[in-house]
Amino acid sequence: MNLRNRVASALRLGCAAVALTASAALAQEGPIKIGVLEDQSGDFAAAAMVKVNAITLAAEEINAAGGIGGRPVELVVYDTQSDNTRYQEFMRRVLQSDKVDVVFAGFSSASREAYRPIVNQFDGLAFYNNQYEGGVCDANMIVTGAVPEQQFSTLIPWMMETYGKNVYTIAADYNFGQISAEWVRKIVEENGGTMVGEEFIPLGVSQFSQTIQNIQGAKPDFVVTLLVGAAQASYYEQAAAANVGLPMASSVNVGQGYEHKRFTPPSLKDMYVTTNYIEEVDTPESKAFIEKFRARFPDEPYINQEAANSYIAMYLYKSMVERAGTTDRAALRAEIAKGDVCFDGPSGKVCLDPKSQHMSHNIFLAKVNEDHSIEFPKVWENIAPYWLGEAGCDLTQNDPSEQYTPSNPPTK
């Protein structure tokens, strides 16, 4: 063996020894505790309970395969009941009393913003496994859900080219709806369109007769629906009964709340949704995921994008800890900074972006047909979460712990 080969062999052996030592050290430390704060009851339970099941499925798989670096996974689960004060209460509990290593938490953006200061206060690490309005630049947060540059930058131009440039938005009246509507407005204007109407609906509202009259009077080419929760979902059947008859575009409906399954056809006819995953995705990876999910949870009504994001998050965390040889947050961030923390999941290969700690996605354009079956007119492959990094967020260099918007970007 020549000198070069001897050196290469020694380096491989050395790396293997380091990995074994790290794994052995991990195995001696007891279980890895993962806090799970999700809405198992309340207004968001229909879309969020499946996240708990996805995390449970992944935890059981990981434990059956030997755990994380030889340590078993132990879930510490609390029902946040779609109540932001409970998020704050339970976040303090899991970080202070339960001493978890990481927390998977939150459905609504309001819940995330309620608990995020507490995670920062205790220098914890939280995964937010939800589609959202984007903009969080915070080293204590890892986001696996899709963001506006992945959903709206694809969806809105496609809808305008297909149906026309006059757009009406109805959105939930909190940070998700307001910031998402800002993204829609920006993209419509950039593409030469016109916002002919925009309404923000308080959470809990379930009567939409005035909104329907406003839409009919404005005569848009399509309606962007950014409605959230069980009450606001009443809009779809009411709009169908009033013969609104307009195409709809959304970043949340179907992909989260499976309204096409819950409501009578054709109330969601011609709704188009950009989603990083839904159970109708017809790929070998998706079929395998659905099969094992339903084998474990046969009564699950629908496997949505947030279930896939939560399942993927477990394996991303496993990879980071095993690579770092520790659950220490700084060491895990150092692994993310390398730019190659990835996982082949139900929707294909995904990777964490080092600058924003958000995840790349394949984006599926899902169309709801008259009978509420789903077809996919278009797929955009491997879209990185680029906006925060381009705007000036770089968590490898600094940590502002802020949420930015198109009108309030980072200061470069």
Side-chain angles (χ1 to χ4, degrees), residues 109 112 126-158 176 179-180 182-184 186-187 190-191 251-252 255 273-278 281 283 285-286 305-306 308-317 319-320 323 332-366 376 378-400 402-406 409-410 412:
S109 290
R112 184 198 64 250
F127 276 75
Y128 181 62
N129 303 315
N130 251 66
Q131 176 278 343
Y132 86 116
E133 71 282 357
V136 171
C137 181
D138 186 334
N140 297 77
M141 297 293 303
I142 295 172
V143 178
T144 61
V147 288
E149 63 266 34
Q150 295 166 323
Q151 294 187 286
F152 292 132
S153 296
T154 50
L155 175 65
I156 301 303
W158 191 92
F176 162 73
I179 297 173
S180 295
E182 181 181 341
W183 275 102
V184 171
K186 176 178 183 290
I187 294 168
E190 288 175 348
N191 285 271
S251 64
V252 284
V273 181
T274 37
T275 179
N276 62 272
Y277 181 80
I278 50 176
V281 170
T283 63
E285 296 84 0
S286 175
Q305 66 181 353
E306 316 311 359
N309 294 336
S310 299
Y311 179 85
I312 289 166
M314 288 287 289
Y315 280 96
L316 290 174
Y317 181 69
S319 174
M320 290 157 52
R323 286 171 48 156
L332 299 183
R333 286 189 62 208
E335 292 302 319
I336 296 173
K338 294 176 182 177
D340 62 350
V341 175
C342 303
F343 179 67
D344 288 309
S347 59
K349 185 177 181 179
V350 296
C351 298
L352 285 177
D353 167 52
K355 289 185 176 181
S356 65
Q357 296 183 175
H358 287 50
M359 193 165 76
S360 65
H361 285 291
N362 293 326
I363 297 294
F364 300 86
L365 178 65
F376 297 99
K378 189 173 179 61
V379 179
W380 293 271
E381 295 184 355
N382 190 30
I383 301 182
Y386 57 82
W387 180 76
L388 269 171
E390 290 183 356
C393 166
D394 188 352
L395 294 173
T396 67
Q397 301 298 320
N398 56 70
D399 177 16
E402 294 285 351
Q403 181 175 17
Y404 299 107
T405 69
K412 292 186 179 181

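As the structure is a prediction and not an experimental result, all values here were calculated from the model.
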Tyr404 and Pro409: which non-hydrogen atoms are nearest, and at how many Å?
CD2-C, 3.6 Å
CD of Gln357 to CG of Leu352, rounded to nearest 0.5 Å, is 7.5 Å
CZ (Phe364) and OG1 (Thr274) are apart, to the nearest 0.5 Å, by 12.0 Å
Distance (rounded to the nearest 0.5 Å) between Ser286 OG and Ile278 CD1
9.0 Å
Quick one: pull up OG in Ser251 and CD1 in Ile363 and give me the separation to the nearest 0.5 Å.
10.0 Å
d(Leu395 CG, Asp353 CG) to nearest 0.5 Å is 8.5 Å
The criterion is side-chain contact (heavy atoms from CB on, under 4.5 Å); which residues satisfy it with Ser319, sequence neighbours excluded?
Arg323
Taking only residues two or more places apart in sequence, or in another chain, which ones meet Gln151 in a side chain to side chain donor-acceptor pair (under 3.5 Å)?
Gln131
Any idea which heavy atoms bring Pro354 and Gly339 closest together, and the distance?
CG-CA, 3.5 Å
Looking at every non-hydrogen atom in both residues, tell me the closest pair between Ser109 and Tyr128 and how far apart they are.
N-OH, 3.5 Å
Under the side chain to side chain donor-acceptor pair (under 3.5 Å) test, residues paired with Asn309 that sit two or more places apart
Asn276, Glu306
Please list, chain by chain and in numerical order, all residues satisfying side-chain contact (heavy atoms from CB on, under 4.5 Å) with Pro346, sequence neighbours excluded.
Tyr277, Phe289, Ala308, Tyr311, Ile312
List for me each residue that meets ring pair (Phe, Tyr, Trp, His ring centres under 6.0 Å) alongside Phe127, sequence neighbours excluded, and say none if there are none.
Phe104
Of all residues at least two apart in sequence or in a different chain, which pass the side-chain contact (heavy atoms from CB on, under 4.5 Å) check with Pro157?
Ile187, Asn191
According to the side-chain hydrogen bond (donor to acceptor under 3.5 Å, both in side chains) rule, which pairs have a member within residues 341-352, sequence neighbours left out?
none
Any residue meeting salt bridge (charged side-chain N to carboxylate O under 4.0 Å, His left out) with Lys186, in chain and number order, not counting sequence neighbours
Glu190
OG1/Thr275 to NE2/His361 distance, rounded to the nearest 0.5 angstrom?
9.0 Å
With sequence neighbours excluded, residues passing side chain to side chain donor-acceptor pair (under 3.5 Å) with Lys338:
Glu335
Val136: which residues meet the side-chain contact (heavy atoms from CB on, under 4.5 Å) condition with it, sequence neighbours left out?
Arg112, Glu113, Arg116, Tyr132, Asp138, Met141, Gln403
Looking at Asn129 and Ala313, what are the two nearest heavy atoms and their distance?
OD1-CB, 3.2 Å
Mind checking what makes side chain to side chain donor-acceptor pair (under 3.5 Å) contact with Asp399, not counting sequence neighbours?
Ser401
Under 3.5 Å, is there a donor-acceptor pair between the side chain of Glu133 and the main chain of Glu182?
no
Hey, does Tyr317 have a side-chain heavy atom less than 4.5 Å from the side chain of Ile142?
no
Give every donor-acceptor pair under 3.5 Å between a side-chain atom in residues 380-391 and any protein atom, sequence neighbours left out.
none

